[in-house]
Trainee: 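Sharing a structure with you now.
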Amino acid sequence: MKANSLVILDFETTGLSPDVGDRAIEIGAVRLVNGEVTERFQELMNPGQRVSGFIEDYTGISNDMLEDADSCEVVMDRFADFIADDNLIAHNASFDKRFLDAELNRIGRNYPGEFSCSLLLSRRIFQNSYNHKLGELVRFCNIESDGDFHRALYDSEMTAKVWMAMLESMGERYEIYDISFDLIKKLTKTPKNKVNKLLSSYNLSSEKP
DNA sequence: TGCCAGGCCCTCTTTAGGGCCTT
């Protein structure tokens, strides 16, 4: 696993759950290495079923656009190669993890990395945000945006920017500049009212640059 | 045909219910 290399991903899908037959229709992702985007991945995929009018409106992805796209199996095989052995991040990761696992399971592929969730982290680091939807966090962080949400690459790019803003905020507030994936995992399992104590104690026990 | 999830998190909690997030 490469040091400080993360894949931040986002799925557009036919619905909310692969358990009831929903499939992926688009995957977008960026690779962050030491805080910089070094690679991007975006592909539509044909789910083998028509998508609802709601999803066409919600994502802007039409049935016509999916007609000539490669199948989920073909696209997800390429995406598994892209992920390699990096750790993974998504906004509300439990959603994207379910689809990633379901689609990769169909083609007998897997990934060795671990997931972390920008939604769970934002609830702890940006406790003053009005809510923790991706769009609201982008506004909260004063991140430049053209508002084209609900497309996979765009949302993964925005999630990456919010992610970096959270790390910067932790650095500024607690003087923690070497934030490991393990610390993030621990943070996202810490009750909100104990985050300050955890980060303060971590700061005292860690070496500063 | 009709219907559709699930993990997190708070609280008027833990023998539960409902809002938040994701499409």
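We name chains A, B, ... by the order of the sequence lines, and we start the count at 1 in each one.
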Trainee: In terms of side-chain heavy atoms of A:R123, which of B:dT23, B:dA5, B:dC9 is nearest?
Mentor: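 My answer, after comparing the listed nucleotides, is B:dC9.
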Trainee: Any idea which of B:dC8, B:dC21, B:dT22 is nearest the A:F95 side chain?
Mentor: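 Looking only at side-chain atoms, A:F95 lies closest to B:dT22.
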Trainee: If you compare every side-chain N and O of A:H150 against the phosphate oxygens of B:dT23 (OP1, OP2), does one of them come in below 4.0 Å?
Mentor: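 Looking at the OP1 and OP2 atoms of B:dT23, one of them is under 4.0 Å from a side-chain N or O of A:H150.
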Trainee: NZ of A:K97 versus C1' of B:dA5: gap in Å, rounded?
Mentor: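 After rounding, the gap between these two atoms is 15 Å.
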Trainee: Give A:T14 one of three labels, base, sugar-phosphate or nothing, depending on what nucleic acid heavy atoms sit under 4.0 Å from its own.
Mentor: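 Touches nothing.
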Trainee: In whole angstrom, give the distance that lies between atom NE2 of A:H91 and atom C1' of B:dG7.
Mentor: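 The answer, rounded to whole Å, is 14 Å.
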Trainee: Which whole number of Å gives the distance between the C1' atom of B:dG19 and that of B:dC12?
Mentor: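 15 Å, rounded to whole Å.
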Trainee: A:G135 and A:F149: which non-hydrogen atoms are nearest, and at how many Å?
Mentor: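 Residues A:G135 and A:F149, closest heavy atoms: CA-CZ, 3.8 Å.
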Trainee: Considering only heavy atoms, which members of residues 40-51 of chain A lie under 4.0 Å from some atom of DNA chain B?
Mentor: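 Under 4.0 Å from DNA chain B: no residue of residues 40-51 of chain A.
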Trainee: What nucleic acid atoms does A:D10 come within less than 4.0 Å of, heavy atoms only: base, sugar-phosphate, or nothing?
Mentor: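 The answer is sugar-phosphate, as A:D10 gets under 4.0 Å only of primed atoms, P, OP1 or OP2.
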Trainee: Does B:dC20 have OP1 or OP2 sitting under 4.0 Å from an N or O in the side chain of A:H132?
Mentor: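 Checking B:dC20 against A:H132, no side-chain N or O comes under 4.0 Å of OP1 or OP2.
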Trainee: In whole Å, what separates the C1' atom of B:dT14 from that of B:dC9?
Mentor: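 The same atom, C1', in both gives a distance of 14 Å.
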Trainee: Angle class for the A:F95/A:F99 ring planes (parallel below 30°, perpendicular above 60°, tilted otherwise)?
Mentor: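 Answer is tilted, since the angle falls between 30° and 60°.
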Trainee: Using the P atom on both, measure B:dC3 against B:dT22 and round to a whole Å.
Mentor: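 Nearest-Å result for B:dC3 against B:dT22 at atom P: 26 Å.
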Trainee: Look at the side chain of A:V20 and decide which nucleotide, out of B:dT23, B:dT22, B:dC4, has an atom nearest to it.
Mentor: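 That would be B:dC4.
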Trainee: Mapping A:L120 and A:Y130 to their closest nucleotides on DNA chain B, which lands nearer the 5' end?
Mentor: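 Between the two, 5'-proximity favours A:L120.
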Trainee: For A:P47 and A:C72, which heavy atoms make the closest approach, and how far apart are they?
Mentor: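 Looking at all heavy atoms of both residues, the shortest contact is CA-SG, 3.6 Å.
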Trainee: Distance check, C1' atoms only: B:dT23 and B:dA5, in whole angstrom units.
Mentor: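 Rounded to whole Å, the distance is 11 Å.
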Trainee: Where the side chain of A:L134 is defined as all heavy atoms beyond and including C-beta, which of B:dA5, B:dT23, B:dT22 is the nearest nucleotide?
Mentor: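 Within the option list, the nearest is B:dT22.
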Trainee: Using a 4.0 Å heavy-atom cut-off, does A:N131 contact any base of the nucleic acid, only the sugar-phosphate backbone, or nothing at all?
Mentor: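 Since only primed, P, OP1 and OP2 atoms lie under 4.0 Å of A:N131, the category is sugar-phosphate.
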Trainee: Base, sugar-phosphate alone, or nothing: which one does A:I25 contact when heavy atoms must sit under 4.0 Å apart?
Mentor: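 Answer is nothing: A:I25 stays at 4.0 Å or more from every strand.
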Trainee: Heavy atoms from C-beta onward define the side chain here; which of B:dG7, B:dC21, B:dC9 lies closest to that of A:S94?
Mentor: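 Closest nucleotide to the A:S94 side chain: B:dG7.
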Trainee: Ion pair present between A:E103 and A:R23, side-chain N to carboxylate O less than 4.0 angstrom?
Mentor: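 A salt bridge links A:E103 with A:R23.
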Trainee: Rounding to a whole Å, what distance do you find between A:L119:CG and B:dT23:C1'?
Mentor: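 Interatomic distance, CG of A:L119 to C1' of B:dT23: 15 Å.
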Trainee: Could you tell me how far apart A:F149 (CZ) and B:dT22 (C1') are, to the nearest whole angstrom?
Mentor: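 Rounded to whole Å, this separation is 14 Å.
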Trainee: Identify whether any heavy atom of A:D57 sits under 4.0 Å from a base atom; if not, whether one sits that close to sugar-phosphate; answer base, sugar-phosphate or nothing.
Mentor: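 No contact.
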Trainee: Can you list everything that forms a side chain to side chain contact (heavy atoms under 4.5 Å, CB included) with A:S118? Sequence neighbours excluded, please.
Mentor: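 With sequence neighbours excluded, A:S118 shows a side chain to side chain contact (heavy atoms under 4.5 Å, CB included) to A:I89, A:H91, A:T159, A:W163, A:M166, given in chain and number order.
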Trainee: Map A:T59 and A:D22 onto DNA chain B by nearest heavy atom, then report which one ends up closer to the 5' terminus.
Mentor: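 In this pair, the answer is A:D22.
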Trainee: Determine the contact category for A:R124: base if any of its heavy atoms lies under 4.0 Å from a base atom, sugar-phosphate if only primed atoms, P, OP1 or OP2 are that close, otherwise nothing.
Mentor: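 Sugar-phosphate only.
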Trainee: Decide if atom CD of A:E36 counts as having more than 12 heavy atoms of other residues, nucleotides or ligands within a radius under 6.0 Å.
Mentor: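 Not buried by this count: 12 neighbours or fewer within 6.0 Å.
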Trainee: Taking atom C1' of B:dT22 as reference, at what distance in whole Å does atom CD1 of A:I55 sit?
Mentor: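 Between C1' of B:dT22 and CD1 of A:I55: 11 Å.
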Trainee: Quick one: closest heavy-atom pair of A:M45 and A:M76, and the distance?
Mentor: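 That would be CE-SD, 3.7 Å.
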Trainee: Rounded to whole Å, how long is the line connecting atom NZ of A:K192 with atom C1' of B:dC21?
Mentor: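 Going from NZ in A:K192 over to C1' in B:dC21 covers 14 Å.
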Trainee: NA contact type, A:F11, heavy-atom cut-off 4.0 Å: base, sugar-phosphate, or nothing?
Mentor: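 Counting heavy atoms under 4.0 Å across all strands, the contact made by A:F11 is with sugar-phosphate only.
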Trainee: Who passes side chain to side chain contact (heavy atoms under 4.5 Å, CB included) against A:R139, sequence neighbours left out?
Mentor: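 With sequence neighbours excluded, A:R139 shows a side chain to side chain contact (heavy atoms under 4.5 Å, CB included) to A:E136, given in chain and number order.
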Trainee: Quantified in whole Å, what is the C1' atom distance between nucleotide B:dG18 and nucleotide B:dT13?
Mentor: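 Taking atom C1' in both B:dG18 and B:dT13, they lie 12 Å apart.
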Trainee: Taking only the C1' atom of each, what is the distance from B:dG2 to B:dC20 in whole angstrom?
Mentor: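 Comparing C1' positions in B:dG2 and B:dC20 gives a spacing of 27 Å.
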Trainee: Which heavy atom in A:T59 sits nearest to a heavy atom in A:I25, and how many Å separate them?
Mentor: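 Scanning both residues completely, I find the closest heavy atoms to be OG1-CD1, 4.4 Å.
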Trainee: Whole angstrom is fine here: how far is it from CD1 in A:I27 over to P in B:dT22?
Mentor: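 Whole-Å distance recorded here is 16 Å.
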Trainee: When the distance from NZ of A:K133 to P of B:dT22 is rounded to whole Å, what number comes out?
Mentor: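 My rounded result for the distance is 7 Å.
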